[in-house]
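The next block holds one structure in the form of structure tokens; read it before the comments.
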Amino acid sequence: MCFSKHLAKFAMLIQLALLLLCYGVGNVHCVHENSKDLQSLLDFKQGVTTDPNRALSSWNTSVHYCRWSGVMCTPTRPWRVSALNLTGKSLAGEITSSLVNLTLLSQLDLSSNSFSGQLPPLGGLQLLQTIYLNDNSLDGTIPDALTNCSNLVNLDLSNNKLSGVIPPKIGLLSNLDYLDLSSNNLTGVIPPTFPNLTRLSSCRLRSNQLEGSIPDGLWQMSNMGQLILHDNTLSGEIPRTINMSRLQFLGLQWNRLGKTLPSNFGDAVPSLLELGLGANMFEGHIPASLGNASSLELIDLSVNHFTGQIPASLGKLSSLNFLNLESNQLETGDSQSWEFLHALSNCRDLLRLSLYDNRLQGVIPDSIGNISVGLERLFLGRNYLSGILPKPQ
Ligand SMILES: *[C@@H]1O[C@H](CO)[C@@H](O)[C@H](O)[C@H]1NC(C)=O
Ligand SMILES: *[C@@H]1O[C@H](CO)[C@@H](O)[C@H](O)[C@H]1NC(C)=O
Ligand SMILES: *[C@@H]1O[C@H](CO)[C@@H](O)[C@H](O)[C@H]1NC(C)=O
Ligand SMILES: *[C@@H]1O[C@H](CO)[C@@H](O)[C@H](O)[C@H]1NC(C)=O
Ligand SMILES: *[C@@H]1O[C@H](CO)[C@@H](O)[C@H](O)[C@H]1NC(C)=O
Ligand SMILES: *[C@@H]1O[C@H](CO)[C@@H](O)[C@H](O)[C@H]1NC(C)=O
Ligand SMILES: *[C@@H]1O[C@H](CO)[C@@H](O)[C@H](O)[C@H]1NC(C)=O
Ligand SMILES: *[C@@H]1O[C@H](CO)[C@@H](O)[C@H](O)[C@H]1NC(C)=O
Ligand SMILES: *[C@@H]1O[C@H](CO)[C@@H](O)[C@H](O)[C@H]1NC(C)=O
């Protein structure tokens, strides 16, 4: 076993030496073992019209392409391109379709440049695991053929100008873990096949023009940790069947979601850290079970139609630092309805509390003086309150 380990090391050294041979030998022609990969990269370079920092200056045929800046190759002969990483190099131009000939490519990172034009046809690249084309100016649609990249784990196309729909067959990407299509101009629905992405842990689709309801099955995706859908026109409701034990970040602000939150909501998302439901059409009571999501740090339920009393169970959230309930129709009156305020004194990290623009009435209880000493902002305006606030200590 030890022997074969040494042998492998030796073989690697020889390969390294061969690679080195190709380097720094001036105009001596270098043997490029895979002319298809070489041609594909040269075509890619042709597509780059602006390279202000000379990021591609090493890309010439007297240097083996495995030594070109941003190119990584397989560790064994015939050295084939396995990764292309030119993130943040201020490149502009189009991404040529020649990349489809880099058949062993597994990582493609051209993020944070100024590439324009359409997405290259990457559908044939079966080994692709990572596509980072975010923060460019790519337009056109996301081709359905992209769902052929069955080994895809990370797909980030955020901050471009992509339009059209999310490929209906996206559910075929059964290894997908990270998906970010935020800040584009995507329309249509979240495809019904979406819940088939059982490994998905991060789903970011914010700031598009997605509409329709969120597929029911999405609320049972057990690996989802981040579901960021804010700033779309999604409608429908959160079903009682919700069960997302790993969900930490739920961002649904600025949509048209509504109806009541299921009474078991807090029990169904026990790991939640941040809950953003602001600027929607939610109505009915704030479920008392929210107090069971004991890691919650941020709650934004502002600008909805929540009614009834504020549940005292929120006082169980000892890590809470931001609670925004403003612009709803929440009520107080008798002393029992103020119990929540007393309970919130348990939230020692509370920095910001807004109850602005509701239907709170009566005398503000003294227990307001017991709210977190670290409190920086307290908004109580636009209610029907009276009484005297204690001086901050
Ligand atoms: C090719 O690139 C190498 C490394 O950057 C450089 O030293 C060499 O001058 C270049 N050759 C040509 C012909 O541009
Ligand atoms: C590309 O390189 C940058 C550093 O230059 C690194 O942070 C990033 O993770 C790399 N991308 C991939 C896909 O490995
Ligand atoms: C891929 O390679 C083949 C053969 O080398 C070539 O004919 C074809 O034009 C290449 N495809 C692209 C999109 O560059
Ligand atoms: C992708 O898969 C579709 C079937 O879903 C097939 O028709 C198409 O030829 C494939 N495209 C590529 C580029 O492999
Ligand atoms: C999604 O998964 C279900 C079963 O789990 C299967 O019947 C269906 O064909 C899958 N759809 C797609 C588009 O992958
Ligand atoms: C989004 O697409 C619509 C047409 O569907 C177009 O009017 C609008 O300008 C686009 N917005 C952006 C930011 O590209
Ligand atoms: C929630 O999902 C887990 C699997 O992720 C399952 O074990 C559990 O029974 C489900 N709970 C409910 C109430 O359906
Ligand atoms: C969740 O909270 C509700 C209301 O505060 C409570 O009655 C219930 O027992 C809690 N459930 C669990 C599982 O802690
Ligand atoms: C404030 O908290 C202290 C200590 O927990 C308690 O003794 C006191 O009664 C509280 N004051 C009000 C007005 O709730």
Side-chain angles (χ1 to χ4, degrees), residues 53 55-56 58 68-74 81-91 95 99 102 104-113 115 122 125 127-136 149 151-158 176-180 195-202 216-225 227 238-248 260-272 275 284-296 299 308-318 320 336 339-340 342-344 346-347:
N53 303 325
L56 303 185
S58 59
W68 292 0
S69 141
V71 177
M72 275 137 282
C73 286
T74 54
V81 177
S82 62
L84 181 58
N85 186 346
L86 294 166
T87 182
K89 301 289 185 200
S90 307
L91 303 174
I95 303 173
L99 291 187
L102 299 173
L104 292 195
L105 194 66
S106 75
Q107 316 279 328
L108 176 63
D109 187 347
L110 303 176
S111 59
S112 304
N113 283 291
F115 285 110
L122 300 169
L125 299 178
L127 299 185
L128 260 183
Q129 293 183 340
T130 297
I131 299 177
Y132 291 157
L133 295 175
N134 49 292
D135 299 280
N136 280 287
C149 301
N151 284 301
L152 209 55
V153 176
N154 305 298
L155 177 60
D156 192 342
L157 304 175
S158 62
L176 202 62
D177 173 51
Y178 181 89
L179 174 68
D180 193 346
N196 277 21
L197 302 171
T198 51
R199 299 204 179 159
L200 198 63
S201 71
S202 254
D216 260 7
L218 193 142
W219 299 107
Q220 285 114 48
M221 291 179 76
S222 57
N223 283 316
M224 191 76 83
L227 181 59
I238 299 179
R240 222 196 127 67
T241 50
I242 180 174
N243 179 8
M244 300 179 87
S245 59
R246 304 219 169 119
L247 193 65
Q248 295 188 307
T260 55
L261 283 179
S263 59
N264 62 332
F265 182 73
D267 298 317
V269 287
S271 307
L272 205 59
L275 172 64
H285 290 197
I286 298 173
S289 65
L290 206 51
N292 297 354
S294 56
S295 303
L296 268 171
I299 298 175
Q309 297 179 6
I310 299 167
S313 61
L314 296 185
K316 291 196 282 180
L317 302 173
S318 55
L320 195 65
Q336 185 259 330
E339 215 175 275
F340 79 92
H342 188 67
L344 283 179
N346 177 47
C347 310

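Order of appearance sets the numbers: ligands from 1, and atoms from 1 within every ligand. Along the sequence shown, residues are numbered consecutively beginning with 1. Bear in mind that the values here come from a model prediction, so they are computed numbers and not experimental data.
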*Write down the atom of S289, the atom of G266, and the distance for their closest heavy-atom approach.*
OG-N, 3.0 Å
_Residues Q220 and T241: side-chain donor-acceptor under 3.5 angstrom_ = yes
*Side chains of T130 and N154: is there a donor and an acceptor less than 3.5 Å apart?*
yes
*How about L200 and T198: do any of their side-chain heavy atoms sit closer than 4.5 Å?*
no
Atom pairs and distances, ligand 2 N/O vs protein N/O under 3.5 Å:
from: ligand 2; atom 1: 2 (O); to: N85; atom 2: OD1; distance (Å): 3.4
from: ligand 2; atom 1: 2 (O); to: N85; atom 2: ND2; distance (Å): 2.3
from: ligand 2; atom 1: 11 (N); to: N85; atom 2: ND2; distance (Å): 2.9
from: ligand 2; atom 1: 11 (N); to: D109; atom 2: OD2; distance (Å): 2.8

_Numbered atoms and elements of ligand 7 in range of S222, under 4.0 angstrom, heavy atoms_ = 5 (O)
_Between T87 and S111, a side-chain donor and acceptor under 3.5 Å_ = yes
*asked:* Could you work out, with side-chain hydrogen bond (donor to acceptor under 3.5 Å, both in side chains) as the rule, every residue matching S201, not counting sequence neighbours?
replied: D177
*Residue S289 vicinity, atoms of ligand 8 by number, heavy atom under 4.0 Å*: 2 (O)
*Is there a nitrogen or oxygen of N243 sitting under 3.5 Å from a nitrogen or oxygen of ligand 7?*
yes
_Between R246 and N223, a side-chain donor and acceptor under 3.5 Å_ = yes
